[in-house]
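Notes follow once the structure below has been shown.
In this text, all values refer to a predicted model and were calculated from it rather than measured experimentally.
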Amino acid sequence: MLSKNQLKLITSLHQKKYRIRHGLFIAEGIKVVREFLNSSFKLVNLYTTETISEFELYNSQSISEVELKKISSLKTPNKVIGVFEIPELSQLSDKGLILVLDGIKDPGNLGTIIRLCDWFGISQIVCSKETVDCYNPKVVQSTMGSLTRITLVYTDLVPFLKSSNLPIYGALLEGENIYKSTLQKEAILIIGNESNGISKEVSRLITNQITIPRFGNLQLTESLNAATATAIILSEFKSASIEK
C-alpha cells in the first residue's frame with residue numbers, strides 16, 4: 001500500500017518543476033521500465049500490481065490497481081511504474097551528426113524523434129530550453145526505452161552553435177532540395193518548432209539551408225510534422241554517409 005508521501009511524490013513528478021526539484025522522473029509499463037532497469041539509470045522505487053519475476057530482484061512494492069491509477073499518467077495504466085533518478089548532464093562530443101531541436105513543444109513529437117535517433121544511430125540531441133522536457137511522462141512513454149540510449153542536453157542554442165566548427169544544416173521551407181544537397185557525415189542538423197519553424201536568432205547561424213520538396217500535384221500541403229521531417233532528413237544524412 002502506498003503511503004500519503006509516496007502518493008504525493010509520484011503524482012508531483014507529472015510536473016516539470018517537481019521533477020527538477022526532486023531530480024526524479026517516472027517510467028511506466030513493463031517494456032519501458034525494463035529498458036531503464038537494463039540501462040545506467042538509477043532506480044529509486046518500483047511499484048507493481050502483480051508479481052513479475054524479472055522485477056523481483058529490485059524489491060518491487062506491491063500496489064493495487066486503484067493505487068496504480070492514482071499515480072499513473074496513462075489513461076490505461078500498465079502493471080508497473082518505476083521512479084528513476086534524472087542523470088547528471090552529459091558532455092557533448094563534437095563528432096558525428098548532432099541533432100538540434102529548436103522549440104519542439106509536442107511530447108509525442110519529441111518521443112518519436114528520440115526513437116528515430118536511436119534507430120539511425122544518432123547519439124546526441126541538443127535541445128533549446130523551450131523544447132519540451134524529455135522526462136515528461138508522455139515523452140518517456142513514447143520513446144519506448146530509446147531515451148536510455150540517447151544523450152539529451154538542454155542549453156542556449158546560439159552560444160552552442162557559435163562554439164562549433166561543424167557545418168550547420170537547417171530544415172526550412174525555403175532551402176536547397178535535400179535530395180540534391182551534399183550532406184556531411186559530421187554536422188549539426190536543426191529542426192524547428194512545429195508551428196513557427198527555426199527561430200530567427202538560430203536561423204542566422206545556419207550555413208546550409210535544406211528543404212524536403214513537395215511532390216503533390218496541387219502543392220497545397222503547408223508543412224510536414226516535425227517528427228516526420230526529421231525521419232526523412234536523418235535517412236538522407238545516413239544514406240549520404242554510407243560508402244556505395
Side-chain angles (χ1 to χ4, degrees), residues 92-132 134 142-143 146 150-244:
L92 285 170
S93 168
D94 216 19
K95 293 183 179 293
L97 181 62
I98 300 172
L99 182 64
V100 169
L101 302 180
D102 184 13
I104 296 296
K105 299 288 189 182
D106 182 78
N109 272 341
L110 180 57
T112 301
I113 289 170
I114 292 171
R115 289 183 70 186
L116 285 167
C117 286
D118 192 17
W119 182 267
F120 284 108
I122 310 300
S123 60
Q124 303 178 107
I125 302 177
V126 179
C127 303
S128 68
K129 292 182 178 179
E130 294 74 33
T131 293
V132 62
C134 65
S142 60
T143 69
S146 288
I150 306 297
T151 297
L152 282 93
V153 174
Y154 286 76
T155 189
D156 292 323
L157 295 185
V158 171
F160 166 75
L161 294 171
K162 285 183 175 180
S163 69
S164 177
N165 294 318
L166 295 174
I168 300 173
Y169 291 82
L172 302 165
L173 288 177
E174 301 296 330
E176 183 182 6
N177 184 335
I178 190 171
Y179 303 116
K180 298 179 180 179
S181 300
T182 300
L183 304 175
Q184 300 297 320
K185 188 174 183 179
E186 295 199 345
I188 290 172
L189 168 63
I190 305 173
I191 301 294
N193 174 270
E194 292 89 345
S195 300
N196 303 314
I198 299 171
S199 61
K200 289 182 179 179
E201 297 81 2
V202 172
S203 292
R204 296 189 186 104
L205 301 174
I206 293 172
T207 58
N208 303 74
Q209 297 184 4
I210 55 175
T211 192
I212 302 168
R214 289 177 291 191
F215 292 99
N217 291 332
L218 297 179
Q219 302 282 299
L220 294 178
T221 307
E222 194 171 292
S223 63
L224 287 172
N225 169 278
T228 301
T230 302
I232 294 169
I233 296 172
L234 288 183
S235 180
E236 287 301 305
F237 266 95
K238 282 300 175 182
S239 177
S241 70
I242 297 172
E243 295 183 7
K244 300 174 182 178

T143 side chain to G111 backbone, donor-acceptor under 3.5 Å: no

Minimum heavy-atom distance G121-K238, with the two atoms named: O-NZ, 4.2 Å

Expected output: side-chain T112 to main-chain G108 donor-acceptor under 3.5 Å: yes

I210 side chain near L189 side chain, heavy-atom distance below 4.5 Å: yes

Student check: side-chain heavy atoms of I232 and L224 closer than 4.5 Å: yes

Short side-chain to backbone donor-acceptor contact, N193 and S195, under 3.5 Å: yes

Close aromatic pair by centroid cut-off 6.0 Å: F237 and Y169: yes

Pairwise distance CG(L166) to CD(Q184) - rounded to 0.5 angstrom: 10.0 Å

Nearest-0.5 Å distance, CG of residue D102 to OG1 of residue T131: 6.5 Å

Between CD1 on residue I98 and CD1 on residue I188, distance to nearest 0.5 Å: 5.0 Å

From I104 atom CD1 to I114 atom CD1, the distance as rounded to the nearest 0.5 Å: 11.0 Å

Point-to-point distance, once rounded to the nearest 0.5 Å, from CG of L97 to OG of S241: 8.5 Å

Geometric class of the F215/Y179 ring pair [parallel <30°, tilted 30-60°, perpendicular >60°]: tilted

D156 (side chain) donor-acceptor with P159 (main chain) under 3.5 angstrom: no

Validation row: L157, I190 side chains within 4.5 angstrom (heavy atoms): no

Least distance between heavy atoms, S142 atom then P107 atom: OG-O, 3.7 Å

Minimum-distance pair of heavy atoms, taken over all atoms of S146 and D118: OG-OD2, 2.8 Å

Least distance between heavy atoms, A171 atom then I233 atom: CB-CD1, 3.6 Å

Straight-line distance of I150 CD1 to L116 CG, nearest 0.5 Å: 10.0 Å

Backbone N/O of S235 and side chain of S239: donor-acceptor pair under 3.5 Å: no

Residue pair K95 / E186, side-chain heavy-atom distance below 4.5 Å: yes

Contact check, side chains of V153 and Q124, non-hydrogen atoms, under 4.5 Å: no

Flag, side chain of S163 to backbone of F160, donor-acceptor distance under 3.5 Å: yes

Minimum-distance pair of heavy atoms, taken over all atoms of E130 and K105: O-NZ, 3.1 Å

Minimum side-chain heavy-atom gap I125-C117 below 4.5 Å: yes

CA sep, side-chain torsions, deciding dist, call: I206, L172, side chain to side chain contact (heavy atoms under 4.5 Å, CB included): CA-CA 10 Å; I206 293 172; L172 302 165; 4.2 Å; yes

Minimum side-chain heavy-atom gap T211-Q209 below 4.5 Å: no

Side chains of C134 and L110 in contact at under 4.5 Å (non-hydrogen atoms): yes

N/O donor-acceptor pair under 3.5 Å between S181 side chain and L183 backbone: no

Side chain K185, main chain A240, donor-acceptor under 3.5 Å: no

